[in-house]
Amino acid sequence: RDRVSTQSTWAKHINLADMLCHFVTHLNEAIKGEPDVSTDCVLIENFHKCVTICEPNSMHDELVKNCSELLKQVFDESIKRRARVNKQVKQVADDEDEVEKLEEENEGEEELLNHVVEAVGALVKTHRAFIPHFMSTFYPLCVEVLGDKYGDVEHRMGLCVLDDFVEHGSKISQEAVAPYLAPILNSLLQFANSQDVDVAQAAVYGLGVMAEFGPAVFKQAIPQAFEKLVLVLKNPAAKESEYSAATANAASSAMKMLKYHGDHEMCTQENIIPLIMPLLPIDGDEVEAKVVHEAIIDLVGAGSSVVLGAGNANLPAIVNMCKALIDSELVNDSTKLKMQQIIAQSGC
C-alpha cells in the first residue's frame, strides 16, 4: 500500500513536471513574440505561478537556460524602453497631456519589470540549475542597472534581484554565491540611505539577508551597516506610512544582526534594542514585522533587562502591545501563544 502510494505520488510529480515543461516552452514562445507590455505582464505572472506551484527542479536544464535568457531579454528591453521614454518626457516637458501619456507607458514598464523580478526570484528559489545561468545573465545586468545613469526604479529592481540571489541562492549553493557577496554588500550599503524609500527598503532588507547568509563578509562591514540602519530607524518620520515598510525592514535587519552577530561589540542588546522599542509595534511589512515582534517577545521570555527596562518599567507597554497585536497578521502563531502567556502572567 505504501509502495502504491509512493508510486502514485511520483507519477503525479512526473506528470506535473512534464506539464510544466510543456507549458513553459509554449509560454516562452508567446513572450518572445508579444509586443504588448500588459500582455507580457500576464504571461510572465503566469510563468511565475507555474514555477512556484510545481516541485523544485521540475524543469530540465536546457529549459531553465532558455527561461533565464528570455527573462533577461525582457528585462533588458524594458529598461531600454524606459530610458527612451524618460528622454522623450524631457523633450515634451511643456505638453502635459503627452507627459502624462509617457508616464503611463513607463508605469506599464515598471509593472513588467516587477513581474520579471518575481519570476527570477522564483527560479532562484526552485531551480538549482538556474544559479549558474543567473551569474552569467542577471548578475551583470543588475550591476549595470545599479549604475548612476539609471534611476530609482532600476536601482530597486537590481537590489531586489540581488537580495533573492543571496537569500535563496545561498540555500542551494553557498560556494557558488560566495564570490559575489562582497560586491553585493557594497551595493546594499551604497543604497541603504537612498532618498527613494523603495530603494532604501530593498537595500536595508538585503543587509539583514547578508547578516544571515553572508556572515563572514558581513562581519567586516558591521560598523557601516549599523550606521546605515540607525539613520533609517531614527528618521523622525519612521512611523509614517510612507516610510513604514523601510522602517520594518531596517528593524528586522537590526534584529538579525543581534541574532547572528551578537558576539560583535556593536551588535548588543544595549545598542540595538533602544532603536527598536520606540518603533513598536512594527507595521508596513507583515513578514518583517513578524520577525521583529517574535525576536522582542523571545527576549521578554528570556527576561532581558534591556527590553523589560529597570524594574520591568517597560512591561505595561509590552503587555499593551501584545493585546493590540495578538489578533493581527503582524505576529505568527507561536508568537501569539507567547503573548498570551505574557498577558496572563502580567495580571493586566
Side-chain angles (χ1 to χ4, degrees), residues 17 20 24 44-45 47-61 63-72 74-75 113-143 145-146 155-188 191-192 198-199 201-218 225 245 248-249 252-253 255-257 259-260 285-288 290-291 294 332:
L20 176 65
V24 168
I44 294 175
E45 182 181 16
F47 168 82
H48 173 214
K49 289 178 179 178
C50 290
V51 171
T52 303
I53 290 171
C54 291
E55 291 290 325
N57 304 306
S58 292
M59 292 190 293
H60 56 78
D61 289 3
L63 183 54
V64 171
K65 178 183 177 182
N66 291 342
C67 291
S68 176
E69 292 174 348
L70 177 60
L71 289 173
K72 190 259 185 186
V74 174
F75 191 93
L113 290 171
N114 277 324
H115 285 300
V116 173
V117 168
E118 290 176 358
V120 170
L123 284 173
V124 171
K125 294 174 191 176
T126 60
H127 283 75
R128 177 182 292 272
F130 180 62
I131 300 300
H133 299 308
F134 175 93
M135 293 184 289
S136 63
T137 56
F138 270 94
Y139 180 76
L141 186 56
C142 288
V143 172
V145 301
L146 290 176
H155 291 162
R156 176 174 63 83
M157 300 297 174
L159 291 170
C160 287
V161 171
L162 294 178
D163 287 347
D164 276 340
F165 175 58
V166 174
E167 181 173 7
H168 302 290
S170 295
K171 297 174 184 177
I172 294 174
S173 175
Q174 291 182 340
E175 184 179 358
V177 175
Y180 300 89
L181 293 176
I184 289 174
L185 177 57
N186 288 336
S187 295
L188 297 173
F191 289 101
D198 294 327
V199 173
Q201 177 186 342
V204 297
Y205 172 78
L207 292 177
V209 169
M210 289 292 302
E212 181 174 357
F213 294 101
V217 172
F218 185 78
N249 282 266
S252 174
S253 292
M255 297 306 291
K256 289 174 183 175
M257 288 177 66
K259 179 177 180 179
Y260 296 107
D285 186 319
E286 287 185 5
V287 174
E288 302 312 312
K290 288 176 181 177
V291 172
E294 180 179 23
N332 58 38

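Quick note: numbers below take in every heavy atom, side chains included, and nothing from hydrogens, waters or symmetry partners. Sequential numbering from 1 along the given sequence is applied to the chain's residues.
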Sidechain-backbone polar pair: [X] side chain, [Y] backbone, donor-acceptor under 3.5 Å:
X	Y	result
His127	Phe130	no
Thr126	Pro56	no
Ser253	Val204	yes
Ser58	Cys54	no
Arg128	Asn57	no

- [ ] Determine, step by step, whether Val143 and Leu162 satisfy the side-chain contact (heavy atoms from CB on, under 4.5 Å) criterion, reporting the C-alpha distance in whole Å, the side-chain angles of both residues, the deciding distance to 0.1 Å, and the verdict.
- [x] CA-CA 9 Å; Val143 172; Leu162 294 178; 5.9 Å; no

Can you tell me how far the [atom1] atom of [X] sits from the [atom2] atom of [Y], to the nearest 0.5 Å?
X	Y	atom1	atom2	value
Met210	Asp163	CE	CG	10.0 Å
Asp164	Lys125	CG	NZ	5.5 Å
Leu146	Leu141	CG	CG	9.5 Å
Glu288	Gln201	CD	CD	8.5 Å
Ile131	Ser170	CD1	OG	8.5 Å

Open item on the list: Parallel, tilted or perpendicular, judged at 30° and 60°: which one describes the rings of His155 and Phe191?
Closed with: tilted

TODO: Could you check whether the rings of Tyr139 and Phe134 sit parallel, tilted or perpendicular, using 30° and 60° as the cut-offs?
DONE: tilted

Looking at [X] and [Y], what are the two nearest heavy atoms and their distance?
X	Y	answer
Met257	Ala211	CG-CB, 4.3 Å
Ala122	His48	CB-CD2, 3.4 Å
Val124	Gly169	CG1-N, 3.5 Å
Lys256	Gly208	CD-O, 3.6 Å
Asp285	Ala248	CB-CB, 3.9 Å
Cys142	Gly158	SG-O, 3.9 Å

Do the non-hydrogen side-chain atoms of [X] and [Y] ever get within less than 4.5 Å of each other?
X	Y	value
Met135	Phe165	yes
Leu188	Val209	no
Val51	Leu123	yes
Leu71	Ile44	yes

- [ ] Sequence neighbours left out, what passes ring pair (Phe, Tyr, Trp, His ring centres under 6.0 Å) with Tyr260? Give chain and number order.
- [x] none

Task: Passing option when Met157 is tested against Val145, Val199, Asn114 for side-chain contact (heavy atoms from CB on, under 4.5 Å) - done: Asn114

Task: Pairs where residues 166-179 contributes a residue and the test salt bridge (Lys or Arg N to Asp or Glu O under 4.0 Å) is met, not counting sequence neighbours - done: none

TODO: Please report the C-alpha distance between Val116 and Phe138 in whole Å, then the side-chain angles of each, then the deciding distance to 0.1 Å, and finally whether the side-chain contact (heavy atoms from CB on, under 4.5 Å) criterion is met.
DONE: CA-CA 11 Å; Val116 173; Phe138 270 94; 4.2 Å; yes

Open item on the list: Can you confirm whether more than 12 heavy atoms, excluding those of Glu286, are under 6.0 Å from its CD atom?
Closed with: yes

